[in-house]
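Below is one structure, written out as structure tokens; the observations come after it.
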Amino acid sequence: MRAARMYGYHQPLRLEEIDVPEIGPEDVLVKVGGAGMCRTDYQLIDGYFDRGLAMDYPITPGHEIAGWIDRVGSQVPAAAALSEGAQVVVFGPWGDGACRQCHEGNEQLCGHGTWAGFGRHGGYQEYLPVNYRYVITVPAAEGLTPATLAPLTDAGLTPYRGLQKLRDGGHLGPGRTLAVTGIGGLGSYGVQYARLLGGGATVVALGRSDDKLQSAARHGADHVVNVGGKTAAAVAAELENLTGRAELDAVLDCAGAEDSIKLAFELLAVEGAVASVGLIGNRIDIPLFPLVSREFTYYGSFWGNFNDLTEVLALAEAGRVTDTITEVRWEDVNDTLDAIGRGDVIGRAVIVYD
């Protein structure tokens, strides 16, 4: 099979032909039909995780995976209802099953688990073994193909969990203003969830690319603001002109850049909240007194759990969430990763195998 593998930081992936992996008795072998290309994949190669994850090369990136079941292990229970040929998506965080986070259902927070695409097997290869507990069947239908489904497992899942935290914290609803910052792979989904979960809040997209902001408007943003080169005061004035208010009640930050988070807090209303789901930067700098005296809330929100993903898939099946998908040939993976690093991709790039 074809595999694009990482042998070290700051090196192009090697495009290789390797053996199809064996599966264990509780695994299914997934034939990859679509592998979403995430900025995290670019960051993995660029060394972002060099202090947080032990690397055992070669690594096959790709944690956004959808395809079909090619083979079913001998001990996969019949109750799992998994059969050869079924269309599936892969839930990427694989927990140890023993810690408190796993027992709570938040395997993405497990400190001893593994992630698809951060080890031997990921979606940048044509087949991969997956424990049957981490695949979800999705009926084949118009608009529900591996290429459209794969990004939902991260780009579609991560902002959904962040919006849930803002909603459950009581920060959304009529008369509120909710901003989504960082209109890239995550942010385009984030705008759609803002409409679905915002409870009538006015939705504003903040970004630095007019093309991406136009995409946000198509996905349901009430207003868009290009914040490039603007001070917080200038953005606040533009918000007031558009919405009648110069402040934000809630922000879903899909960028994770120091500047975007700083701007979010500078625009935040009393008792406002920011949920961070992006990971472009490495640190943040928030003034303490406003955080305390204005009773701001700051949520860290990482990926999503299995049940979150089933909800996202249900929304996709109902036609409530969509994205702009650019199909990528396996041979072009390195060029596309470079484009992702530059921020040139609108929507989601997805590897498809011919």
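Values below: all heavy atoms of this structure, side chains included; hydrogens, waters and symmetry mates excluded. Note that the structure is a prediction, hence the values are computed from the model and not measured.
With hydrophobic clusters built from ILVMFWY side chains whose heavy atoms lie under 4.5 angstrom apart, Ile65 does not share a cluster with Val350. In this structure, Tyr127 is not a member of the same hydrophobic cluster as Trp330, with clusters built from ILVMFWY side-chain heavy atoms closer than 4.5 Å. Taken together through direct or relayed side-chain contacts under 4.5 Å among Ile, Leu, Val, Met, Phe, Trp and Tyr, Leu178 and Phe296 form parts of separate hydrophobic clusters. Linking Ile, Leu, Val, Met, Phe, Trp and Tyr whenever their side-chain heavy atoms come within less than 4.5 Å leaves Ile23 and Val135 in two separate clusters.
Checked by atom type, the side-chain pair Tyr124/Asp41 shows a donor-acceptor distance below 3.5 Å. With hydrogens and angles left out, the side-chain atoms of Ser276 and Tyr298 include a donor and acceptor closer than 3.5 Å.
Looking at heavy atoms from C-beta onward, His121 lies out of side-chain contact with Thr60 at the 4.5 angstrom threshold. Looking at Pro129 and Glu22, their side chains never come closer than 4.5 Å, going by heavy atoms from C-beta outward. Counting heavy atoms from C-beta outward, Gln108 and Asn106 have side chains that approach closer than 4.5 Å.
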Candidate pair Gln164 and Tyr193, rule side chain to side chain donor-acceptor pair (under 3.5 Å), full reasoning: CA-CA 9 Å; Gln164 282 184 311; Tyr193 298 138; over 6 Å; no
Intermediate values then yes/no, ring pair (Phe, Tyr, Trp, His ring centres under 6.0 Å), Tyr48 and Tyr42: CA-CA 9 Å; Tyr48 184 91; Tyr42 168 81; over 10 Å; no
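With sequence neighbours excluded, the residues that form a side chain to side chain donor-acceptor pair (under 3.5 Å) with Asp154 are His63, Thr158. Annotation: side chain to side chain donor-acceptor pair (under 3.5 Å) contacts of Asp332 (sequence neighbours excluded): Arg329. Take Asp249 and apply the salt bridge (Lys or Arg N to Asp or Glu O under 4.0 Å) test, not counting sequence neighbours, and it matches Arg245. A search for side chain to side chain donor-acceptor pair (under 3.5 Å) contacts involving Thr153 returns nothing, not counting sequence neighbours. Scored by the side chain to side chain donor-acceptor pair (under 3.5 Å) test, Asp344 finds Arg342 as partners (sequence neighbours excluded).
The backbone N or O of Thr243 lies less than 3.5 Å from no partner atom in the side chain of His223, so there is not a single donor-acceptor pair. Between the side chain of Asn241 and the backbone N or O of Glu238 there is no donor-acceptor pair closer than 3.5 Å. Judged by distance alone, with hydrogens and angles left aside, the side-chain atoms of Gln43 form a donor-acceptor pair with the main-chain N or O of Leu279 at under 3.5 Å.
The distance from atom CD of Glu331 to atom OG1 of Thr336, rounded to the nearest 0.5 Å, is 11.0 Å.
The salt bridge (Lys or Arg N to Asp or Glu O under 4.0 Å) pairs that include a residue from residues 181-190 number zero, where partners must be two or more places apart or lie in different chains.
Shown here is Tyr57, whose OH atom has more than 12 heavy atoms of other residues, nucleotides or ligands within 6.0 Å. Annotation for Arg294: atom CZ counts as buried by contact number, over 12 foreign heavy atoms lying within 6.0 Å. By the 6.0 Å contact criterion, NE2 on His112 is open, its count of non-hydrogen atoms from other residues, nucleotides or ligands being 12 or less. The 12-atom threshold is exceeded at CD of Glu16, counting heavy atoms of other residues, nucleotides or ligands nearer than 6.0 Å. More than 12 heavy-atom neighbours from other residues, nucleotides or ligands sit within 6.0 angstrom of CD on Gln11. By the neighbour-count criterion of 12 heavy atoms within 6.0 Å, atom NZ of Lys262 is sparsely surrounded, having that number or fewer from other residues, nucleotides or ligands.
Aromatic ring orientation, His171 versus Tyr299: perpendicular (interplanar angle above 60°, classes split at 30° and 60°).
Taking the charged nitrogens against the carboxylate oxygens, Asp222 and Arg195 do have a contact shorter than 4.0 Å, which makes a salt bridge.
Note that Arg161 lies outside the cation-pi zone of Phe302, set by a 6.0 Å cut-off to the ring centre and a 45° limit from the axis.
For the pair His219 and Thr322, the tightest heavy-atom approach, listed with the atom from each and the gap, is NE2-O, 3.8 Å. Residue Val191 comes nearest to Ile183 through the heavy atom pair CG2-CD1, 4.1 Å, listed as atom of the first residue, atom of the second, then distance.
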